[in-house]
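Shown next, in structure tokens, is the structure this report addresses.
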Amino acid sequence: MIVARTIREVREKTAQWRRGGQSVGLVPTMGYLHEGHASLVDRARAACDKVVVSDFVNPTQFAPNEDLEAYPRDFERDCKLLEEHGCDMVFCPSVEEMYAPNAATYVEILDEMPKQLCGKTRPIHFRGVCTVVSKLFNIVQPDKAFFGQKDAQQLAVIRRMVRDMSYGIEIIGCPIVRESDGLAKSSRNTYLSAEERRAALVLSRAVFRGEEMFGSGVADSETVLAEMRSIISAEPLARIDYVSAVDGETMLPVDEITDGVLVAMAVYIGKTRLIDNFISGGPQ
């Protein structure tokens with residue numbers, strides 16, 4: 001596996017692959033990889049001749065009061081996992097390699113979409129996401145890019161950016177990977193104490209109950225959301241940021257849950273903010 005630290009290295013190697021007629025898949029990550037990331041690499045490996053994984057904690061998507069410095073990092077461990085899953089190149093640039101000292105250009109969606117859900121409390125987040133993913137697309141020039149459904153709003157935002165900016169890249173969403181007890185895999189799970197880890201199961205319990213209600217024919221969104229909020233609120237260590245039902249493309253609230261509606265949540269367990277979701281009728 002190639003370990004690339006510079007943009008030039010990545011461009012030269014991916015250009016060589018393309019000249020040889022090989023397709024390229026990109027898996028953007030912020031490192032501290034787990035089985036969820038591995039599933040994205042596996043999907044890319046199956047769909048593309050070559051797989052590039054970016055391993056970069058992107059500062060432009062963190063507000064000053066967020067966990068940029070505390071975000072877990074273990075590059076050696078990441079490389080071991082990536083090699084085991086057949087990654088061809090990992091791109092791990094410095095902040096200085098990705099952003100010039102006076103960088104002042106951003107990619108941003110200027111409608112209500114990034115202001116919903118996580119965007120309400122993280123107002124600069126999706127501007128940072130779009131900017132760094134756009135840069136990665138320009139650097140790698142992949143044929144396909146792979147994102148997890150756990151970050152459902154991010155996936156929708158990236159799809160919108162690709163459409164609006166006319167990127168010739170296929171965006172592939174991949175299913176949420178869960179622990180055996182149901183908790184969605186997340187790098188931030190490492191922040192949780194043993195007690196908090198047990199408490200965090202209220203997220204998946206609420207998700208599974210919401211799916212069950214939709215499957216049994218309950219379509220009124222507030223009825224479903226009220227039940228999900230009740231499950232979460234019963235846990236003393238949990239504090240709800242949001243539990244919402246939105247259109248899967250626009251991210252705007254809906255009154256009725258039909259196929260393709262995203263039911264998403266962000267919940268603080270202690271100081272750790274976790275997210276989970278389901279899409280009614282399955283991923284679209």
Side-chain angles (χ1 to χ4, degrees), residues 28 30 36 58 60-63 65-67 107-133 147-164 171 173-176 183-189 200 202-211 214 220-233 238-269 271-284:
M30 292 208 302
N58 174 43
T60 66
Q61 67 194 65
F62 288 81
N65 62 330
E66 293 179 341
D67 60 340
V107 178
E108 188 171 11
I109 296 174
L110 296 176
D111 73 358
E112 295 302 307
M113 183 185 196
K115 300 176 184 177
Q116 308 304 310
L117 304 181
C118 289
K120 290 183 178 179
T121 53
R122 305 187 72 190
I124 69 165
H125 177 68
F126 290 111
R127 184 184 74 171
V129 168
C130 286
T131 300
V132 76
V133 171
F147 295 85
Q149 182 60 48
K150 183 174 77 70
D151 297 293
Q153 186 176 14
Q154 172 180 276
L155 175 57
V157 164
I158 295 300
R159 283 182 166 145
R160 174 69 175 275
M161 179 187 78
V162 165
R163 187 203 75 179
D164 289 358
I171 303 301
C174 301
I176 295 172
L183 183 67
K185 298 267 188 183
S186 170
S187 299
R188 288 187 170 95
N189 290 349
V202 294
L203 278 83
S204 55
R205 284 206 297 271
V207 163
F208 299 154
R209 177 58 179 149
E211 287 184 301
F214 173 73
D220 178 68
S221 62
E222 195 47 49
T223 301
V224 174
L225 297 176
E227 176 76 5
M228 293 173 68
R229 292 185 189 114
S230 175
I231 291 170
I232 298 166
S233 297
R239 177 169 61 87
I240 293 173
D241 182 352
Y242 66 80
V243 180
S244 302
V246 300
D247 182 278
E249 292 185 2
T250 67
M251 299 290 111
L252 296 176
V254 297
D255 294 326
E256 185 178 2
I257 299 178
T258 56
D259 285 350
V261 165
L262 170 65
V263 180
M265 65 178 68
V267 177
Y268 286 92
I269 302 294
K271 295 181 179 179
T272 303
R273 186 178 183 275
L274 301 176
I275 59 175
D276 205 342
N277 68 78
F278 73 91
I279 297 177
S280 53
Q284 302 301 300

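The side-chain contact (heavy atoms from CB on, under 4.5 Å) with D276 is formed by just one residue from the set V207, L183, V202; it is V207.
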Could you walk me through whether I275 and Q153 satisfy the side chain to side chain contact (heavy atoms under 4.5 Å, CB included) test, starting with their C-alpha distance in whole Å, then the side-chain angles of each, then the deciding distance to 0.1 Å, before giving a yes or no? CA-CA 11 Å; I275 59 175; Q153 186 176 14; over 6 Å; no

V107/T131 under side chain to side chain contact (heavy atoms under 4.5 Å, CB included): CA gap, chis, key distance, verdict: CA-CA 5 Å; V107 178; T131 300; 4.1 Å; yes

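In the displayed structure, E249 atom CD is contacted under 6.0 Å by at most 12 heavy atoms of other residues, nucleotides or ligands. When the shell of 6.0 Å around CG of D255 is examined, it contains 12 or fewer heavy atoms from other residues, nucleotides or ligands.
With a 4.5 Å cut-off on side-chain heavy atoms, D259 and F214 count as touching. Taking 4.5 Å as the limit, some side-chain heavy atom of V263 sits within range of a side-chain heavy atom of L225. For the pair R160 and D111, the minimum side-chain heavy-atom distance is below 4.5 Å. The side-chain heavy atoms of V157 and V129, taken from C-beta on, include no pair separated by under 4.5 Å. Put simply, the side chain of N277 reaches to within 4.5 Å of the side chain of Q149, judged on heavy atoms. Proximity of L252 to V246: side-chain heavy atoms (C-beta onward) are nowhere separated by under 4.5 Å. Proximity of V133 to Q154: side-chain heavy atoms (C-beta onward) are nowhere separated by under 4.5 Å. Residues M30 and S187 fail the side-chain proximity criterion, which asks for heavy atoms closer than 4.5 Å.
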Per-pair distances, 0.1 Å, donor-acceptor, side chain in residues 112-121, under 3.5 Å, sequence neighbours excluded:
{"from": "Q116", "atom 1": "NE2", "to": "E112", "atom 2": "O", "distance (Å)": "3.1"}
{"from": "T121", "atom 1": "OG1", "to": "D241", "atom 2": "OD2", "distance (Å)": "3.1"}

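Between the side chain of R229 and the backbone N or O of V243, at least one donor-acceptor pair lies under 3.5 Å. Between the S280 side chain and the T258 main chain, a donor and an acceptor come within less than 3.5 Å of each other.
Considering all non-hydrogen atoms of both residues, A245 and V261 come closest at CB-CG1, 4.2 Å. The minimum heavy-atom distance between A200 and L274, with the atom names listed, is CB-CD1, 3.8 Å.
Interatomic distance, E211 CD to S204 OG, rounded to the nearest 0.5 Å: 10.5 Å. Put simply, CD on E66 and CZ on R273 are 8.0 Å apart, with the number rounded to the nearest 0.5 Å. Going from atom CD1 of I176 over to atom CD1 of I279 covers 8.0 Å, rounded to the nearest 0.5 Å.
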